[in-house]
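Presented below is the structure to which this report refers.
What's counted below: heavy atoms across the whole structure, side chains too, no hydrogens, waters or symmetry copies. The sequence lines fix the lettering, A, B, ..., with proteins before strands; numbering per chain opens at 1.
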Amino acid sequence: MSKYPFNEIEKKWQKYWEENKTFRTIEDESVPEEKRKYVLDMFPYPSGAGLHVGHPEGYTATDIYSRYLRMNGYNVLHPMGFDAFGLPAENYAIKTGTHPYTTTKKNMENFTRQLKSLGFSYDWDREIATCDPEYYHWTQWIFKKLFEKGLAYEASTPINWCPSCKTGLANEEVKEGHCERCGTKVEKKNIRQWILKITAYADRLLEDLDTLDWPESVKTMQRNWIGKSEGAAVFFKLENFDDTLEVYTTRCDTLFGATYMVIAPEHPLVSKLTTKEQKAAVEKYLEDTKHKSDLERTDLAKDKTGVFSGSYAINPVNGERIPIWIADYVLISYGTGAIMAVPAHDDRDWEFAKKFGLPIIEVLKSDVDVQTQAWTEDGIHVNSQWLDGLNKEDAINKMIAWLEEHKCGHKAVNYKLRDWIFSRQRYWGEPIPLVHCPKCGTVAVPDDELPLTLPEVTKYEPSGTGESPLVNVPEWVNTKCPVCGADAKRETNTMPQWAGSCWYYLRYIDPKNNDRFIDPEKEKYWMPVDLYVGGTEHAVLHLLYSRFWHKVLYDLGLVSTKEPFQRLVNQGMITSFAYQKKNKSLVPVDKVSETAPGKFIETETGEEVTQVTAKMSKSLKNVINPDDFIRDYGADSVRMYEMFMGPLTESKPWATAGFMGVYRFLDRVWRIVTEKNIEDKELDKELDKLMNKTIKKVSQDTETLNFNTAISQMMVFVNELNKLETVPKKTLEILALLMSPYTPHIAEEMWALLGHEPSISKEKWPSWDEKKCLDDEVEIVVQINGKLRSRIMMPHNADKEEVLKAVRNDEKTKQWTEGKTIVKEIVVPNKLVNIVVK
RNA sequence: GCGAGAGUGGUGGAAUUGGUAUACACGCUAGUCUUAGGAACUAGUACUUCGGUUUAAGGGUUCGAGUCCCUUCUCUCGCACCA
């Protein structure tokens, strides 16, 4: 009995594919346009921990799809690379002095080894790394395009600042108000930043979502993130000042109910509006809010706080004096940082008005007493002079017309989307290719000086002043102005990690081009990406940023499509089993024993625990390392199990027992090929039918990415073959072809054992004969009043009368219909008959 | 609070989109075998008082509902004082 020698087989074929460049892709012009496909994975950050089980899930899915397409005559671009700038390598450098490139390179080598050990059919000649100067040359070049178009600007903006690490942090590096690295409470600090004007593209980013084949959930998240809202700007004259206060409102029709105004503590008019009497109180309030974190400020459950400024505004519609308050429930970052408060019809305003004793005026007919609770539903206007009796829509239109006529307001649109803070005070990122000249201002580094490479530094630690470690390299910072030649200084901020991933899918198309970022002919050949598979965690970051950059490139005529990723599929997360006590606390896997099927206890205490699914974590001891399984059971098993677990898009738990089932399946296939009699003989009718049905199901399910059910069908087919004494060679050839996208190593070996030349990946995908998939005789289900009562066999496509005749003669049916009146007979061809009786 | 999605055996999950619920796999039970291997093979495995009953709970539409509609509950994810 020979055991399935996966280790030997897998090494052998990986070597073959590499040496023969089996998966090298070229832009073959003879392939018609509709036969060119670009299948892309989200490239990984090469962390020190190596691949986790989530990586092979998405990567296997695209690999199966790519191999399937190639066998169906498509020219497929399927590349891989590394998102190689990133904080872990830099933090490690701060701790140990090891250059981030050294760490990153080592990790990339490890990732490459792991990816190759899974047998993915990437064209490795197209590999890229975002930290490679040949690559970031063009990241800098694209940044220059943004800069030249006026889409990059400098501003002083408050950012998250860790006083212990002496550095600014990205939002994603702040966990619950504390520094992810050292746990220190994060503060706000004003730092000079480079900002990209993504808001200029808000409308197009929103509208073009409709043209994409993306999961509805991701589109919804992007829509919410962009957060377009339509309303009006209203100008309020200020009492005692020759100035106006502008607010944004979606309900300008409730203007008659505005009883006070609120401006954010950061609003530029705060000091001007604060009267002498209120000065002390306002200053104390500003000091208090400054120390609150974003989390504390936006916590819905907290009490409203605020302070009266001492000044008044004039309501433009009725000339009423209304007090101006300062409160942190109004955000400076949305709208104008000022609101008109209508406490009768807004929960937040109502709560604030109650706390500070401000008047509440009903302007929409309410079912409740607005003095005791806010009415936030619709209603007909009251107490609103010339709006009384109107509905919401008509009142809004009439009010906007009035405001425009009297020049105290106009229609306005607002977005939640803010401009993208693009600079980081870090070393390990792309240098921003700009020079600050005292005479010429900020000037771009000329194209022939790109790439502007990172200099060597002795210390990776950021300077204490909120600047990047690059400020400590005077010979790099001090330069000449490219325009006038005067002494000038380089920009020392670097780009965020998102920069490199904004356009990497374009570089794969032309990865070695030293003259331009992409050859337009090649770009036209492959773009857009036909299938993009990755996790859902990038729904509003990478996937929004890259759409933005792509649209800028499109406007410059540098790419031919409006959108980069035509179809997006989110793979589900692979979770793990964990065990939960009655009090909902989780118990590590190694502290639990199974006493009976489905019964688990905590070993030490004997307390009953229930099996639940949870994210993999070190503390729960339920982390699965794919390397272990590849070593012990082979890459084909890992690939196939991850596809067999369930639908690609669902999150599902890793069950090692289930994994063994797939391993046994491959072992069984191996034994059939190596131990059974294989003869070149005709298939009997039943086997031929099953084979054709299998080809059909596997083809259709692979096409639609329903890999789990395709695998089920292969198992059904193999279970049947396993019963045979002598196996027809044809069936095994077909099996090898069907398996080859899923388990390419064993399929190549089978193909060779059956006497064929490699590589099976170059063979044509098998086709099925629809006629052979049909059964001559079909089972017809007989229902009486919708309940299953009998089954009869009928020839395929028997006509209605024939079927009914047979049903009436059926003994069991007779028993159920005897003495009753037949009201109706429904016949579904080849499936069922339903007789309704009384 | 708002938005999106999901609830099917002991477990992961099928169900040609309104037509035989539980395919395939795991686990379990019994047996055969022995190179004792996370082996292989055979049979069984939703519940049942054997009439029937079952797709989170209840109601509706229909000849017929896991699938469509309404109500409720639970879970997951995202956003969250966005004026």
| query | Hey, mind stepping through I601(A) and V592(A) against side chain to side chain contact (heavy atoms under 4.5 Å, CB included) and telling me if it holds? | reply | CA-CA 6 Å; I601(A) 56 156; V592(A) 170; over 6 Å; no

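In terms of the side chain to side chain contact (heavy atoms under 4.5 Å, CB included) criterion, residue partners of A61(A) (sequence neighbours excluded) are, by chain and number, M643(A), L648(A), F707(A). Remark: Y633(A) engages F659(A), Y663(A) in a ring-ring contact (aromatic ring centres under 6.0 Å, His included) (not counting sequence neighbours).
Rounded to whole Å, the separation between the P atoms of A6(B) and C63(B) comes to 28 Å. When the P atom is used for both U34(B) and U29(B), the distance is 22 Å, rounded to whole Å. Here the separation of A21(B) from U55(B), taken at their P atoms, is 12 Å to the nearest Å. A25(B) and A40(B) have their P atoms separated by 12 Å, with the value rounded to a whole Å. The same atom, P, is picked in C28(B) and in U22(B); the two are 24 Å apart, to the nearest Å. Here, G27(B) and G12(B) have their C1' atoms 11 Å apart, quoted to the whole Å. Comparing the C1' positions of C77(B) and C70(B) gives an interatomic distance of 25 Å, to the nearest angstrom. Atom name P, nucleotides G7(B) and G52(B): the rounded distance is 30 Å, in whole Å.
The 5' end of RNA chain B is approached more closely, in terms of each residue's nearest nucleotide, by M715(A) than by the other of T250(A) and M715(A).
For G64(B), the glycosidic angle deviates from 0 by more than 90°, giving an anti base. Taking syn as a glycosidic angle within 90° of 0, G38(B) does not qualify and is anti.
The side chain of N722(A) places no N or O atom within less than 4.0 Å of a non-bridging phosphate oxygen (OP1 or OP2) of A40(B). Side-chain nitrogen and oxygen atoms of Y334(A) include at least one within less than 4.0 Å of the OP1 or OP2 phosphate oxygen of A83(B). Contact check, N834(A) against G19(B): no side-chain N or O comes under 4.0 Å of OP1 or OP2. For the OP1/OP2 pair of G19(B) and a distance below 4.0 Å, the side-chain nitrogens and oxygens of K831(A) include no atom meeting the criterion. Remark: R664(A) is in phosphate contact with G27(B), judged by side-chain N or O atoms under 4.0 Å from OP1 or OP2. Using a 4.0 Å cut-off, some side-chain N or O of R668(A) falls inside it from OP1 or OP2 of C41(B).
Within the shown strands, G60(B) is the pairing partner of C68(B) under the Watson-Crick or G-U definition, both distances less than 3.5 Å. With a 3.5 Å ceiling on both atom-pair distances, the Watson-Crick or G-U wobble partner of U53(B) is A46(B). When both pairing distances are held under 3.5 Å, G37(B) makes no Watson-Crick or G-U pair with any nucleotide shown. Judged by Watson-Crick or G-U wobble contacts below 3.5 Å, the nucleotide C26(B) has G10(B) as its partner. A80(B): no Watson-Crick or G-U partner with both key distances under 3.5 Å is found in any strand. With a cut-off of 3.5 Å on both Watson-Crick or G-U wobble distances, the partner of C75(B) is given as G5(B). Across all strands shown, U17(B) forms no Watson-Crick or G-U wobble pair with both distances under 3.5 Å.
In this structure, D347(A) reaches neither bases nor backbone, as no heavy-atom distance under 4.0 Å exists between it and the strands shown. N414(A) comes within contact range of no nucleotide atom at all, as no heavy-atom separation falls under 4.0 Å. T656(A) comes within 4.0 angstrom of nothing in the nucleic acid, heavy atoms only. Residue A657(A) is in sugar-phosphate contact alone, with no base atom involved, counting any heavy-atom pair closer than 4.0 Å across all strands shown. Within 4.0 Å of F644(A), counting heavy atoms only, lies at least one base atom of the nucleic acid. Residue R791(A) is classed as a base contact, given a heavy-atom separation below 4.0 Å to a base. Across all strands shown, V828(A) has heavy atoms under 4.0 Å from base atoms, whether or not it also approaches the sugar-phosphate. Nucleic acid contact for R223(A): none, since no nucleic acid atom lies under 4.0 Å from a heavy atom of the residue. Within the 4.0 angstrom heavy-atom criterion, no nucleotide atom of any strand lies near E216(A). Residue D346(A) is out of contact with every strand shown, counting any heavy-atom pair closer than 4.0 Å.
Figure legend: cation-pi geometry between K228(A) and Y415(A) absent, as NZ or CZ is not positioned both under 6.0 Å from the six-membered ring centre and within 45° of its axis.
The base of C81(B) is paired with the side chain of K304(A) by a donor and an acceptor separated by under 3.5 Å. For G38(B), the base has a donor-acceptor partner in the side chain of Y633(A) [N/O atoms by modelled type, under 3.5 angstrom]. For Q700(A) and U16(B), a side-chain-to-base donor-acceptor distance below 3.5 Å is absent, hydrogens and geometry of angles not being considered.
For the residue pair T336(A)/E246(A), the side-chain donor-acceptor check at 3.5 Å is not satisfied.
The side chain of L788(A) has U20(B) as its nearest neighbour among U20(B), A83(B), C24(B).
For F352(A) and Y260(A), the gap between ring centers is short of 6.0 Å. Outside the 6.0 Å centre-distance limit, the rings of Y545(A) and H538(A) are not counted as a close aromatic pair. Aromatic pair F629(A)/W654(A): ring centres closer than 6.0 Å.
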